[in-house]
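The next block holds one structure in the form of C-alpha cells; read it before the comments.
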Amino acid sequence: MSSEKPTVLIVGAGLGGLMLGALLEKANVPYAIFERTSVVKPLGSALMIGAAIIPIMEQLGIVDEFLALGKATPDVTVSKQGQGELYTVSTLAQVEYTGYYNYIVARPFFYDMMLRQVPRDKIHFNKRVLTIKHEAERVMIHTADGSVYEGDILVGADGAYSAVRQRMYETLKEEGKLPKSDQEQLPFKSTCLVGQTQPMDFADFPEFNKDQVAFYNTMSENKPFTWVIFATAQRTIAWMVIHHLDKESSKEAEEQRFRENDNSQWGSHAAQAMCDETRDFPLPIGAKGMTMGDLYDLTNPEMISKVMLEEKVFQTWYSGRIGLLGDACHKLNPSGAQGAVSAMHDAIALANLIYALPPRSSASDIEEMFSEYQAERLIHVTESFNNSKAISKVMERGLVGTIALFIRTHFPSWLMKIMVRRQILSRPQAGFIEAIPLKGSVPATVSPSTEKARAAYKQRSGVTTSI
C-alpha cells in the first residue's frame, strides 16, 4: 500500500459498503470495512437489478456469476383483489434502450457474491462504532471492543440509523451547522413483511416455471395492504406484504409507544402477528385457493422480518474527512426498486473520486471530493426518491391512492417510454477499469466522477487511448 494513497475506513458491510470495498480493491486503494454484527444476515426477499448495475458487474468480472443467480423479468403485473389484472408494465423498452433485462436475484445470494469480492482480511465483524475523532490530518473510530482504527477518509455505509451520521450530526449541531430538516426524525408511512420460501418445484406455479417470469403485485380490495410475489433462479418465491398506515410515524415514536404499551406492533412477535393477519390474502397465480399463508408456511421463520419503510433524503452528506453512502444519507421507498441500486451508484462515484484524489491529499482535497460526490449523486437520488414515492402512491388507499391508480391505469404507453428513457440514462462505470462498451439504442449520461477517474488513470499510466 502506497502512503501516497488515502486509507479509507468503511463502516457498514451492506451492499453499498461492499461495492465500495470491491472497487477500491480494484483501484489498489487501501481500505478496511467494519461491521457491527458478527455476521450479516441479508434479510428481505430479492432485488431487481438491471442496466444501472450490470455494466459495473462486467467491469468487476462477475457478470456471468450474477446472471446465473438472476431470473429475467420482462413484465410487472398489477392486480386488485376481486377485480383481476389492472395493468402490466413491460420492461422491453428498457431492453431496447440499454441492451439489458431486469433480473430478480435473491438478496442473500447477491450479497454473498459481493462479499466474495472483498478479501477476508479487509472486513472486520463485531466492530460497533462508539465514537469518532476527527482531526485535521486523520480520522479515527473507536469500537465497542476497545479497538481504535485511523485513516484519511471515513465512509458511513451503515444504514438508515447510521452511527457515523449520528456522530457527525452531533458535532455539526453543536457547531450550529446542521440544517433543521436533518435534525428531524426519519419518517415512514408503511411497514413491510418480507421473506423467501424454501426451494420448490413450482408444480403449483406454472407461471414461474419459465426462463423469464413476471413480477406480481396485488392490492387488497378493502384493506390497507399490498402484496408482491416473484420467482428466483434458485426456485424460491420471494414475497413482501406492505401495510399502508393512516399516518406518518418514526422509529422514535414507535419505541415510545412500545414503552407505554406492551401490545405495540414492534414487540418480539411482530412479524408473526402480521403473518397471522395477512395469511388469507389470495395469490394472483398458482393453484386455485392458494394464499399468502401457503408461502409463509414454506418460509423459514428466521428468514421472515417486519421492517419500517422509511423515506428521506438528508441534506448533509459529509463533513471534513467523513462522508455518507446509501441509506445513511438517503432512504428510498422500495416500490421503485432503487434503494440498493442508489447505494451501489454512490459507491461507484465515491470510488472514482477517491481514485482521482491527488497524491498525499490534504483535508481540503478530501472535503472538495465529498462536495463533488454529493453534487453528482444528489440529482439522481432525488429523482429516484420522487419516482419511488410516486409509485408507492398508486398502492395507497384513500383519495390520493384512487387518483394515482386511475392516472397510472390510463397512462399512455408512449409517455411511459419517455419516462423509462429518462430513468435509464444513469449507467455509471469505474473510470480506472477498462470501460464496457455501451449497449442499446440510448447512450448513458456522462458521469463526472467516471470521467475524472478516467483522466487520472490516463495521466498515471501514460495511456493515450480511452480505457
Determine whether a donor-acceptor pair (N or O, by modelled atom type, separation under 3.5 Å) exists between the side chain of [X] and the backbone of [Y].
X      : Y      : result
Glu376 : Ser449 : yes
Trp317 : His330 : no
Thr236 : Gln196 : no
Gln59  : Ile433 : yes
Thr291 : Arg279 : yes
Arg128 : Ala144 : no
Gln117 : Met113 : yes
Thr450 : Gln429 : yes
Arg235 : Asn209 : no
Asp158 : Glu35  : no

Salt bridge present between Lys127 and Asp145 (N-O < 4.0 angstrom):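 Here Lys127 pairs with Asp145 in a salt bridge, since their nearest N and O are under 4.0 Å apart.
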Full working for side chain to side chain contact (heavy atoms under 4.5 Å, CB included) between Phe110 and Tyr103: CA-CA 11 Å; Phe110 186 81; Tyr103 290 85; over 6 Å; no
Side chain to side chain contact (heavy atoms under 4.5 Å, CB included) assessment of Phe188 paired with Leu245: CA-CA 9 Å; Phe188 66 90; Leu245 306 179; 3.7 Å; yes
Smallest separation among heavy atoms of Gly12 and Ile33, with atom names: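 So the two residues come closest at O-CG2, 3.7 Å.
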Verdict with supporting geometry, Arg107 and Leu47, side chain to side chain contact (heavy atoms under 4.5 Å, CB included): CA-CA 6 Å; Arg107 193 180 189 98; Leu47 302 167; 2.9 Å; yes
